[in-house]
Amino acid sequence: MKNIDQVDPIIITRDVHKWFGDFHVLKGISFEVKKGEVCVIFGPSGSGKSTFIRTINRLEEHQLGQIIVDGIELTHDVRNIEKIRMEVGMVFQQFNLFPHLTILDNVILAPNLVRNIKKKDAIDLAMGLLERVGIAEQAKKYPGQLSGGQQQRVAIARALAMGPKIMLFDEPTSALDPEMIKEVLDVMIELADSGMTMVVVTHEMGFARAVADTLYFFDAGQIVESGTSEQIFKNSQEERTKLFLSQILSQ
Amino acid sequence: MTITSNTPTEITNPQSKFSLLAWLKKNLFYNVLSSLVTLVFIYLIGLTIKKILVWAAQSAQWDVITTNLRLLMIGTYPVEQVYRIWICILIMGFLIGLSWGIWIKGRTVSNVIMFAFPFALALTQMRTDFWGWLVGVGVLALTGFFIGKRFPKSLVVPVLVLWMSLIPLTVYLVGGSETSRILRKVTTDKWGGMFLNLLLTWVGIIFSIPLGILLAIGRQSRYPAIKSICVFYIEIIRAVPLITILFMAQVMLPLFLPEGFAFDRLARAMVGISLFSAAYMAEIIRGGLQSIPHSQYEAAEALGMNEVLIISRIVLPQALIAVIPVIVDQCIGIFRDTTLVLIVGLSDLLSVSRTVLANPLFMGTHIEVYAFIGLFFWIVSYFLAFIGQKIEHLACAYRRN
């Protein structure tokens, strides 16, 4: 059984609202993530799940409410934002690797330049992570020469290189061919088992069932229902949840 | 119904081997009409080439070029000091050899052309010791090549630094100084000919690219002051012809300087050309910057990188690589624009050619002179484009699958 910190949650959002112009995309999201917890957020597209996860590291700004990450509140203060971003790693749906750098350079760039880790140490760190995700032999190649699954694993290694306390995943397998989804999910499962705090937006319910501690169903900018995977899959309370689950689980 | 596929007996692609006959048949002679058209064109082209060759060999008076070659290449530079220009060419030949050894792989025909460039450049002087210098350039270039091949990694930075400092080095060697006895001062009004065009081109390229980068980044700045200065600069400069800028530089620059400090004529032209080209470079680079997807910024931000890091390490490299062809285009444009300095009283190649043609001895030899000048401009432009292609190949290694 994982050791979940029972004290202060590492992510707290209180009544967060966001508008894109007139469109009210987040309507009062309040949730908490404890250290070591794995949260899965799922729901129909347009429900605001990606937007919400991006407010946690300030890639999107929220207009109302509070977001507190690792004890630091997210405001317009640039220093807070920078501090938070060093502790929060993110993996994107489109991988977003830097195409002009080799895999190794992609991974060592941030530790070397942001955390001021010496190049040699950064290389050791990077190679260790690349081994962990299973692509150490591709270190000298360029992203364009790798498959989607390989690129996403590099992206995970790149995010981990900064030594974050929290890892955010924005639909990490949605852009992958089916045969490559497993290799990425395996890495994510290993990461979850190692005790990393993870917030994952995904449609992969198998993954959720395997490792998620808490599931959140998002719809139209609100959390409709939340609970453990047992509660959600076997015994969901809301109609909308039941409907959505029946749609995606029947595939 | 199942279809079992047996391994087919080996069939080779019928079109895999190139056959000249097959290519001719497919592209030039595929039906009666096209064959006729082909024959007509062959005849016309053949006729034209024959006419040009006959003219060049028989009725053309090439002595206008041979007599005035030194004038055309270096203007009225004192003859006894020409060795100093040769030294610059030697250094450049050496640098070219070094660069070729460090960066260029393979021995294709185009690489050989690049190697021949120092020789072409060495036509700067046409006196008896010409061949000696020429051989010297060749030897140094070859030496450079082997050194570059031997130490590719460690020499990259020194060579780049040397390329950058070629300008002050050349200026010092060629211009000399008041006090020196060996490098006696040769004022810039005596510099001329093709040498002047090349010098101005190189100065223009070296200064307008960094300035263009700064302007392009400044134009996207969040701070209104920086943004408006950059926009203002770019829009004003782009609205006026280079001649106007050159005139303005000649007249206005001395006003900005304290009394008694004479701003050299050539320097004014250099400033004018650099400032002019920087505005165009800025727009080119801005196009490149806009082509970078926003997700690249986001990925870098998520890693905790600040704006300076993101622009310098992620965005700018990709943007510059994307617009290399356009930048090379602009550099060739700078080279062509250098002929305009004729209008502000500097004796570049075109200006010298007018002096040459004014000489009653060489009446009517316009075609020969302009053909020669045209040929020279073509060689240099081709060389610049070639360099650009090589840089692009090197930089785009990551795009090859």
Side-chain angles (χ1 to χ4, degrees), chain A residues 50 53-54 56-60 78-79 81-103 105-116 140-147 151 154-155 157-164 166-170 175, chain B residues 103 105 152-154 156-157 213 216-217 220-223 226 285 287-327 388 390-401:
Chain A
S50 290
I53 197 178
R54 285 153 62 92
I56 298 180
N57 67 354
R58 201 64 169 189
L59 286 182
E60 301 285 354
V78 176
R79 277 166 302 161
I81 298 177
E82 283 181 5
K83 264 190 253 160
I84 288 176
R85 282 186 178 156
M86 295 224 279
E87 302 304 329
V88 176
M90 185 151 186
V91 176
F92 299 84
Q93 184 176 349
Q94 300 293 342
F95 336 132
N96 294 346
L97 293 179
F98 305 129
H100 61 301
L101 300 173
T102 60
I103 300 300
D105 286 333
N106 258 278
V107 181
I108 64 175
L109 189 72
N112 183 226
L113 294 176
V114 181
R115 286 214 188 267
N116 292 315
K140 289 295 178 182
K141 294 214 180 131
Y142 287 93
Q145 298 169 298
L146 263 54
S147 73
Q151 288 187 51
V154 174
R158 181 179 67 169
L160 287 174
M162 285 291 283
I166 302 167
M167 284 285 279
L168 305 175
F169 292 81
D170 186 3
Chain B
W103 283 299
K105 296 161 180 71
K153 288 281 161 66
S154 45
V156 172
V157 173
I213 293 175
I217 296 175
Q220 311 196 115
S221 169
R222 283 175 289 146
Y223 305 109
I226 300 180
I285 294 169
L289 287 172
Q290 286 180 333
S291 76
I292 307 299
H294 197 242
S295 53
Q296 288 286 299
Y297 287 90
E298 288 186 351
E301 280 176 341
L303 286 169
M305 293 167 79
N306 61 33
E307 258 193 84
V308 170
L309 276 177
I310 297 179
I311 292 191
S312 61
R313 293 297 187 126
I314 308 295
V315 178
L316 201 56
Q318 292 183 58
L320 287 175
I321 292 173
V323 292
I324 286 177
V326 197
I327 291 185
K390 287 298 162 190
I391 296 179
E392 204 177 343
H393 275 169
L394 280 172
C396 284
Y398 66 89
R399 286 206 203 138
R400 290 190 221 118
N401 273 348

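In what follows, every chain begins at residue 1, and chains take the letters A, B, ... in the order their sequences are listed. For the numbers below, each heavy atom of this structure counts, side chains included, while hydrogens, waters and symmetry mates do not.
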Here the gap from Q318(B) atom CD to L101(A) atom CG, rounded to the nearest 0.5 Å, amounts to 7.5 Å
In this structure, CZ of R58(A) is separated from CD of E301(B) (nearest 0.5 Å) by 11.5 Å
So, the part of L303(B) with a heavy atom under 4.5 Å from chain A: the answer is both
So, the part of L109(A) with a heavy atom under 4.5 Å from chain B: the answer is side chain
Requested in this report: Determine yes or no for a side-chain-to-main-chain donor-acceptor pair under 3.5 angstrom, with E82(A) supplying the side chain and M305(B) the backbone.
Outcome: no
To the nearest 0.5 Å, atom CG of N306(B) lies from atom CG of L113(A) at 9.5 Å
Side chain of H100(A), backbone of R313(B): donor and acceptor closer than 3.5 Å?
yes
In terms of heavy-atom contacts, R85(A) and G304(B) come closest through CB-CA, 4.0 Å
Q296(B) and F98(A) have their tightest heavy-atom pair at OE1-CD2, 3.3 Å
Per-residue tally against chain B (heavy atom, under 4.5 Å) across L146(A), I81(A), N96(A) peaks at N96(A)
Applying a strict 4.5 Å limit to non-hydrogen atoms, the region of V78(A) in contact with chain B is neither
Nearest heavy-atom contact between A299(B) and R158(A) is CB-NH2, 3.7 Å
Turns out that what part of L59(A) lies under 4.5 Å from chain B's heavy atoms comes down to side chain
